[in-house]
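Remember, predicted model here, so these are calculated numbers, not experimental data. Numbering of residues begins at 1 and proceeds along the displayed sequence.
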Amino acid sequence: MRQRPVVAVLLATTMIAGLPAVPAMAQTAPAPATAAPVSAPAPQGTISAVTVTGTQRLEPDTVLSYTKLRVGQPYSQEILDQALRDLYETELFADVQIRNDNGALTVEVKENPVINRIVLEGNKRLKEDKIRPEIKLAPRQIYTRSKVRADVARIVELYRRQGRFAATIEPKMVQLDQNRVDIVFEISEGPKSKVRQINIIGNEKFKDGELRSQMVTKQSRWFRVFSSGTSYDPDRLAYDQQKLRQFYLTEGYADFRVISAVAELTPDKQDFIITYVVEEGDRYKFGDVKVESDIRDLSGDSLTKRLPMKKGDWYNAKQVEDTVDTLSETAGLFGYAFADVSPDFNRDKDSLTMGINFRIANAPRVYVERVDINGNTLTQDKVIRREFRLAEGDAFNSFLVKRSKDRINSLGFFQEKLDIEQKPGSAPDRIVLETNVQEKSTGELSLSAGFSSLERFIVAASITQRNFRGKGQELRTSVNYSAYSKSVEVGFTEPYFMDKNIALGGDIYRRDLNSFRYLTSNTRDTTYENTSTGFQLRAGVPITEYMSLALRYQLNFDDTTLDKSTYYTNGVCDPLLAGRYLCDAIGKRTTSSVGYSLIYDTRDNRIRATRGNSITLSQDFAGLGGSVKYVKTRIAASKYVPLGSGFIFSLSGEGGYIHSLESERRDATGELVEKVRLVDRFFLGEPQFRGFDIRGVGPRVKRFYLTDADGDGVYTRDNSNNNVSDDALGGKIYYLARAEVEIPLGSGAREMGLRPSIFMDAGAVAGLKNPGTINFAGYCTVTTGSTSTTVRAPSVGNCDTPAVGSTAAYAGGAFEEEYLGDTLKPRLSVGFGVNWNSPFGPFRIDIAKALLKEPGDDNKLITFNVGTQF
């Protein structure tokens with residue numbers, strides 16, 4: 001007798017819990033039947049024998065162990081149906097049939113196949129290493145439809161979390177020999193589902209656009225191509241409801257609520273339409289506000305006078321939250337780390353006022369029991385602990401905890417999300433400060449390239465390790481190379497010498513500069529060579545928490561030379577050949593200087609500040625031995641202000657003046673010359689002054705070579721770069737001011753490390769004595785027989801009538817010089833830039849337009865810098 005199963009296993013083909021339908025398993029081979037036709041009920045009796053057929057991997061006794069069928073026991077239709085259900089529930093069998101021949105039962109089974117392999121097809125946006133962990137099926141496991149359905153649902157959910165709600169997964173089974181199968185998941189990813197429209201119903205006081213601006217989710221538009229907020233995210237939907245509520249509460253609408261928030265998927269599953277239904281309610285004002293304190297060190301009346309809100313002001317829930325934080329911090333300043341500050345609200349719906357009573361509950365004064373540091377694998381504990389302003393046994397102070405956090409962040413060794421958690425200690429008056437740090441790369445390999453009208457292509461490289469050996473030491477070296485300048489520098493700084501709060505450091509350097517002139521439109525030669533070799537020793541000590549003193553000593557050897565065969569006449573530098581400023585600069589000099597810097601710094605992070613101020617006054621006195629004497633003074637200040645919503649405004653300025661202490665100097669002709677030498681002056685341009693080239697601002701001598709362009713015998717200026725030499729002279733006084741706003745981007749851009757900003761720079765450098773300009777008529781070549789000599793031409797393009805038997809030909813070389821740029825009139829540039837923590841290292845690009853400039857200034861539109869970290 002053939003029994004029919006009463007249980008069938010089917011794949012769901014309808015929508016379940018909002019998920020797309022999972023299609024039935026497609027097969028390349030015919031699928032076995034899952035149940036036998038139902039026959040008439042079998043009569044009751046006693047089991048005389050049980051035989052199992054069709055097994056391949058399983059033993060017959062194992063099959064029977066899943067049922068209650070035993071020889072000698074009675075059977076009925078219900079018992080046989082239960083046996084079928086028990087066998088199907090094992091998910092080991094594709095088909096089960098029970099035949100009854102007067103008590104002799106035959107259990108015929110067809111085992112589910114074994115999975116040979118799992119194949120993914122069609123996935124491009126999500127790689128296999130993201131999908132594989134969601135698939136619970138694996139090779140050599142028994143295939144079951146329920147497991148396939150579960151895997152499909154997990155993959156679909158994975159795509160939904162990526163915002164691809166149109167993704168479909170079709171599982172297919174490829175039949176192989178020996179009852180094996182390949183499972184193929186054919187994936188159609190579909191486009192990323194965007195938010196097409198955000199509708200708001202019920203708002204009367206504020207426009208839809210104003211409310212949408214408060215949300216993280218944004219409507220998909222072409223100009224938001226880089227924003228991640230246009231993708232639908234259910235978690236973001238709930239967050240936006242909170243953002244709406246916060247906005248209304250800050251505007252005084254204390255009864256505001258979101259009645260419903262519905263996200264509807266369009267029929268093509270391409271986009272979402274989100275609809276909010278809101279109820280604004282009435283607008284409230286502050287009623288009576290006061291502070292009651294149970295802590296004897298805190299006066300409630302005194303704190304009440306300092307509350308930011310006053311009776312009659314519009315109610316602002318954010319202001320209330322900030323006041324609770326401020327009162328908690330105030331209690332922390334007096335050592336009450338666990339002071340409970342709770343606002344009691346007294347709402348009067350008739351007068352539409354909200355009275356608030358801030359209650360500060362009594363709490364014990366707290367002392368630091370222990371400082372724990374976790375997460376530092378390279379950095380030594382002492383490097384972090386010495387930045388703490390609190391030690392074990394000190395009275396707790398919330399301000400010092402915050403200051404400790406800022407100092408640790410300023411090291412630059414750890415990720416920015418550093419926090420110092422306050423945990424209860426072993427007693428009510430004890431607290432544990434737990435610092436969890438996450439180290440980041442502190443080694444930097446920086447590469448930069450540029451183009452200068454003076455030096456043409458420039459390449460610079462530097463290697464810096466700011467946490468050498470995990471001791472907080474800084475080791476750095478840099479190399480700069482161009483066709484006309486080269487430099488090598490090595491420096492080392494120990495921030496805590498002998499574990500004392502004294503910083504010591506030093507630098508050794510060698511800098512070579514080869515300037516040039518144009519001979520023809522495409523060739524140049526060297527004009528002068530300047531070699532600087534020296535070292536500097538530095539020391540720094542703190543004066544107060546925010547003020548420190550830095551001392552330094554520098555010894556520098558300069559040697560400026562010219563090719564005597566080219567630029568000298570009768571053993572003396574010839575201004576006609578070299579220019580007066582070069583003749584003034586040549587010679588060997590030794591500069592022995594001592595200096596100091598007085599620094600006041602309240603910034604929360606010296607590397608990437610978001611708030612605070614800094615002021616630095618520096619002076620260097622040259623003349624402690626050596627041949628150069630001057631006083632150089634500089635002052636620099638900056639201020640950082642968070643504007644809210646991630647915007648950060650910074651304003652900075654600097655200026656300097658150098659005064660020579662030497663007696664007057666005269667050149668070979670007896671003319672007074674500038675006492676401050678060329679290599680000691682201030683220069684301004686890239687990278688300090690964006691929008692201008694290297695040394696592109698300030699006093700300079702431009703030599704314009706004259707050419708006969710059309711062959712008519714008239715020589716005129718050729719203003720092309722190849723026929724103009726541009727020599728920056730620097731200045732004795734300069735100033736530079738910058739205003740910049742850092743612009744926050746969406747979470748997606750932040751994850752990429754993009755930080756754009758807009759800026760404005762203004763500055764100037766000036767204050768030199770006019771070096772005197774030269775107009776030169778050029779050269780004539782006089783040939784007598786086989787002998788040729790070169791003499792100066794009497795006028796441009798003309799030569800004197802030669803003697804009998806001689807010929808004279810004009811050889812060119814005429815030029816006119818102009819002294820330009822020596823003015824303190826401001827140069828101004830505006831632009832935007834982007835910092836990007838790219839996969840290959842930090843990258844910075846600036847695009848700046850010079851709006852105000854003076855004749856002679858060299859502007860530059862684009863600059864960039866790229867590096868890497870290790």
Side-chain angles (χ1 to χ4, degrees), residues 306 325-326 328-335 337 368 371 373 379 382-391 394-414 416 418-420 422 433 435 437 466-467 472-474 493-505 538-552 595-620 633-643 648-656 736-740 742:
R306 299 179 181 178
D325 293 339
T326 301
S328 298
E329 291 178 1
T330 302
L333 291 176
F334 290 87
V368 178
V371 175
I373 300 174
T379 308
K382 69 176 184 179
V383 174
I384 304 173
R385 290 183 182 276
R386 65 196 184 195
E387 303 301 328
F388 265 89
R389 304 296 93 181
L390 288 168
D394 289 349
F396 175 82
N397 187 304
S398 59
F399 173 78
L400 295 181
V401 172
K402 181 179 179 299
R403 178 61 180 164
S404 301
K405 176 183 174 181
D406 290 345
R407 289 182 65 93
I408 296 173
N409 272 325
S410 293
L411 293 174
F413 304 161
F414 311 107
E416 294 180 3
L418 179 145
D419 197 13
I420 300 177
Q422 303 168 19
L433 301 179
T435 305
V437 300
R466 293 179 288 103
N467 191 12
Q473 301 165 337
E474 181 174 314
T493 302
E494 167 57 71
Y496 279 77
F497 181 68
M498 302 292 291
D499 289 331
K500 304 296 183 182
N501 200 359
I502 300 174
L504 288 180
R538 305 182 309 276
V541 293
I543 299 176
T544 66
E545 177 63 26
Y546 297 105
M547 185 174 290
S548 60
L549 176 66
L551 304 173
R552 57 187 168 273
Y596 74 91
S597 293
L598 192 61
I599 306 165
Y600 177 76
D601 193 345
T602 65
R603 292 174 297 173
D604 60 339
N605 191 321
R606 289 191 295 270
I607 297 175
R608 187 189 170 197
T610 60
R611 64 179 183 277
N613 312 310
S614 72
I615 302 174
T616 302
L617 172 64
S618 300
Q619 280 192 308
D620 290 281
T633 303
R634 289 184 178 180
I635 187 169
S638 62
K639 184 177 183 62
Y640 294 85
V641 180
L643 302 179
I648 300 172
F649 173 73
S650 62
L651 183 65
S652 62
E654 60 181 278
L736 178 63
R738 309 179 191 91
E740 189 161 2
E742 184 175 313

- Message: Would you say that more than 12 heavy atoms from the other residues, nucleotides or ligands in this model lie under 6.0 Å from the CZ of Phe649, or not?
- Response: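 Yes, because the 6.0 Å sphere around CZ of Phe649 holds more than 12 heavy atoms from other groups.
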Does the side chain of [Y] come within less than 4.5 Å of [X]'s, by heavy atoms?
X	Y	answer
Ile615	Leu598	no
Ser548	Ile543	no
Tyr546	Asp601	no
Tyr600	Thr544	no

From [X] [atom1] over to [Y] [atom2], what is the distance, rounded to the nearest 0.5 angstrom?
X	Y	atom1	atom2	result
Glu387	Tyr496	CD	OH	4.0 Å
Glu474	Asn467	CD	CG	10.5 Å
Ser618	Glu654	OG	CD	10.5 Å
Phe414	Thr435	CZ	OG1	9.5 Å
Thr326	Arg306	OG1	CZ	12.0 Å
Glu740	Ser652	CD	OG	8.0 Å

Donor-acceptor contact present, side-chain [X] to main-chain [Y], <3.5 Å:
X	Y	value
Asn397	Leu333	yes
Thr602	Asn613	yes
Arg552	Tyr596	yes
Asp604	Thr610	yes
Ser597	Ala550	no
Arg385	Val371	yes

- Determine which pairs satisfy salt bridge (charged side-chain N to carboxylate O under 4.0 Å, His left out) with at least one residue from residues 633-643, sequence neighbours left out, and list them in order.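 Counting only pairs at least two positions apart or across chains, no salt bridge (charged side-chain N to carboxylate O under 4.0 Å, His left out) contact touches residues 633-643.
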- Query: Does a salt bridge link Glu545 with Arg389, judged by any charged N lying under 4.0 Å from a carboxylate O?
  - Reply: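 Looking at Arg389 together with Glu545, the answer is yes, because their closest N to O distance falls below 4.0 Å.
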- Task: Apply the test side chain to side chain contact (heavy atoms under 4.5 Å, CB included) to residues Gln422 and Leu433: give CA-CA distance (whole Å), side-chain angles for both, the deciding distance (0.1 Å), then the verdict.
- Result: CA-CA 5 Å; Gln422 303 168 19; Leu433 301 179; 4.0 Å; yes
- Using the side-chain contact (heavy atoms from CB on, under 4.5 Å) rule, pick out the option among Asn605, Ile420, Leu400 that qualifies with Lys405.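 The residue from Asn605, Ile420, Leu400 that satisfies side-chain contact (heavy atoms from CB on, under 4.5 Å) with Lys405 turns out to be Ile420.
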Which heavy-atom pair separates [X] from [Y] by the least distance, and what is that distance?
X	Y	answer
Pro495	Arg386	CG-NH2, 3.7 Å
Ser404	Leu390	OG-N, 4.2 Å
Val383	Gly472	CG2-N, 4.0 Å
Phe334	Thr330	CD1-O, 3.2 Å

- Could you walk me through whether Phe413 and Ile384 pass the side chain to side chain contact (heavy atoms under 4.5 Å, CB included) check? CA-CA 10 Å; Phe413 304 161; Ile384 304 173; over 6 Å; no
